Amino acid sequence: MSYDWDLIERLLLRAQECADQPYKARECGEEVAEQHRLQGEPVDGSADHLKKMAGDLEGDLLANGYIQERPREHGGTGNNFELTERGTELLTLISRSFPDHLVFRQLLDEQGEAALLPESFDLLAERATRDRVNDRPER
């Protein structure tokens with residue numbers, strides 16, 4: 001089993017940006033389906049399937065400590081989230097703006113269903129961070 005990392009990236013971005021507004025995971029599924037369609041890429045299942053998957057992933061991200069309820073002083077409405085430190089790290093490593101995002105996504109895929117479990121992810125993230133530091137050219 002492999003996760004839809006584009007969808008997870010979109011869900012994390014939505015959590016990051018949803019101050020003072022509701023978090024709508026199902027909309028993220030619809031947006032990712034449309035993004036794939038516009039880029040001529042296959043959509044895993046239908047748009048409805050991606051919307052359901054987005055709702056399921058929201059629960060996984062919350063249960064595994066990637067997102068948390070957004071406090072009122074940060075724009076919380078009672079039905080929105082913010083990224084945790086782990087969520088920020090996941091977003092950084094899978095984001096298309098990160099040069100090695102495809103490599104990191106592949107490492108996560110190799111973990112299968114365990115990829116989003118904190119103990120699996122934290123080990124991979126630590127290794128990726130260490131590798132980035134070691135790969136920097138000396139000044």
Side-chain angles (χ1 to χ4, degrees):
M1 180 225 173
S2 105
Y3 287 99
D4 185 323
W5 299 111
D6 289 338
L7 180 55
I8 291 173
E9 179 181 3
R10 181 70 54 103
L11 289 166
L12 294 171
L13 285 168
R14 180 67 49 90
Q16 188 176 48
E17 300 164 350
C18 72
D20 298 316
Q21 52 191 307
Y23 181 82
K24 297 179 181 175
R26 294 177 54 84
E27 281 184 8
C28 292
E30 199 169 319
E31 291 167 3
V32 168
E34 181 65 11
Q35 172 189 335
H36 287 303
R37 188 187 68 70
L38 290 173
Q39 294 173 346
E41 299 171 355
V43 176
D44 292 339
S46 65
D48 286 337
H49 173 73
L50 274 174
K51 286 163 51 174
K52 182 192 176 317
M53 232 171 50
D56 293 343
L57 283 169
E58 174 187 341
D60 290 344
L61 294 171
L62 182 61
N64 290 312
Y66 295 93
I67 59 176
Q68 64 189 7
E69 248 186 73
R70 184 179 286 273
R72 293 236 181 259
E73 60 271 11
H74 294 163
T77 63
N79 62 351
N80 61 359
F81 302 103
E82 67 182 2
L83 296 179
T84 63
E85 188 175 319
R86 180 179 290 127
T88 300
E89 185 73 13
L90 176 60
L91 179 57
T92 299
L93 293 169
I94 67 169
S95 174
R96 282 174 250 130
S97 63
F98 177 60
D100 290 330
H101 75 280
L102 292 175
V103 172
F104 193 75
R105 288 178 180 200
Q106 179 61 41
L107 289 172
L108 288 168
D109 281 341
E110 291 170 8
Q111 301 300 308
E113 288 186 33
L116 291 179
L117 294 176
E119 49 278 358
S120 296
F121 173 76
D122 292 348
L123 285 173
L124 285 175
E126 182 181 318
R127 189 171 99 197
T129 301
R130 189 174 51 244
D131 290 350
R132 267 189 305 197
V133 169
N134 291 337
D135 287 345
R136 285 188 186 145
E138 293 192 29
R139 295 177 186 238

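Owing to the predicted nature of the structure, the values given are computational and were not obtained by experimental measurement.
Between His74 and Glu82 the shortest heavy-atom distance is ND1-OE1, 3.0 Å. Contact between Gly65 and Arg86 at its shortest, heavy atoms only, is O-CB, 3.6 Å. The minimum heavy-atom distance linking Ala115 with Ser120 is given by the pair O-CB, 4.5 Å. Across all their heavy atoms, Ala54 and Gly29 have their closest contact at CB-N, 3.9 Å.
Between Glu34 and Arg37 a salt bridge is recorded (basic side-chain N to carboxylate O distance below 4.0 Å). With salt bridges taken as basic N to acidic carboxylate O contacts below 4.0 Å, one links Arg130 and Glu126. Taking the charged nitrogens against the carboxylate oxygens, Arg105 and Asp109 have no contact shorter than 4.0 Å, which rules out a salt bridge.
Grouping the Ile, Leu, Val, Met, Phe, Trp and Tyr side chains by contacts below 4.5 angstrom, directly or via other members, places Leu13 with Leu116.
Arg96 places no side-chain N or O within 3.5 Å of a backbone atom of Glu9 that could act as its donor or acceptor partner. At least one donor-acceptor pair closer than 3.5 Å links the side chain of Arg70 to the backbone N or O of Ala15. Although no hydrogens or angles enter the test, the distance criterion places a donor-acceptor pair under 3.5 Å between the side chain of Asp4 and the main chain of Leu7. For His101 (side chain) and Phe98 (main-chain N/O), a donor-acceptor pair under 3.5 Å exists by modelled atom type. Put simply, the side chain of Tyr66 never gets that close to the backbone of Glu85: no donor and acceptor are under 3.5 Å apart. In this structure a side-chain-to-backbone donor-acceptor pair under 3.5 Å is present from Asn80 to Gln21.
Within the structure, ring-ring contact (aromatic ring centres under 6.0 Å, His included) contacts touching residues 10-29 (residues at least two apart or in different chains) are Tyr23-Phe81.
Residues forming a ring pair (Phe, Tyr, Trp, His ring centres under 6.0 Å) with Phe104 (at least two apart in sequence, or on another chain): none.
Inter-residue side-chain proximity for Leu108 and Leu93 is flagged as unmet; no heavy-atom pair is nearer than 4.5 Å. Contact annotation: the side chain of Leu90 approaches that of Phe121 to within less than 4.5 Å [non-hydrogen atoms, C-beta and beyond].
To the nearest 0.5 angstrom, Ile8 atom CD1 is 6.0 Å from Leu61 atom CG. Taken from CG in Leu12 to CG in Leu83, the straight-line distance is 5.5 Å, to the nearest 0.5 Å. To the nearest 0.5 Å, atom NZ of residue Lys51 and atom CG of residue Asp56 are 14.0 Å apart. We find the CD1-CG distance between Ile94 and Leu107 to be 13.0 Å, quoted to the nearest 0.5 Å. Rounded to the nearest 0.5 Å, atoms CZ (Arg26) and CD (Glu58) are 11.0 Å apart. Within the model, atoms CD of Gln111 and CG of Leu124 stand 4.5 Å from one another, a figure rounded to the nearest 0.5 Å.
The environment of CD in Gln68 is crowded: more than 12 heavy-atom neighbours from other residues, nucleotides or ligands sit within 6.0 Å.
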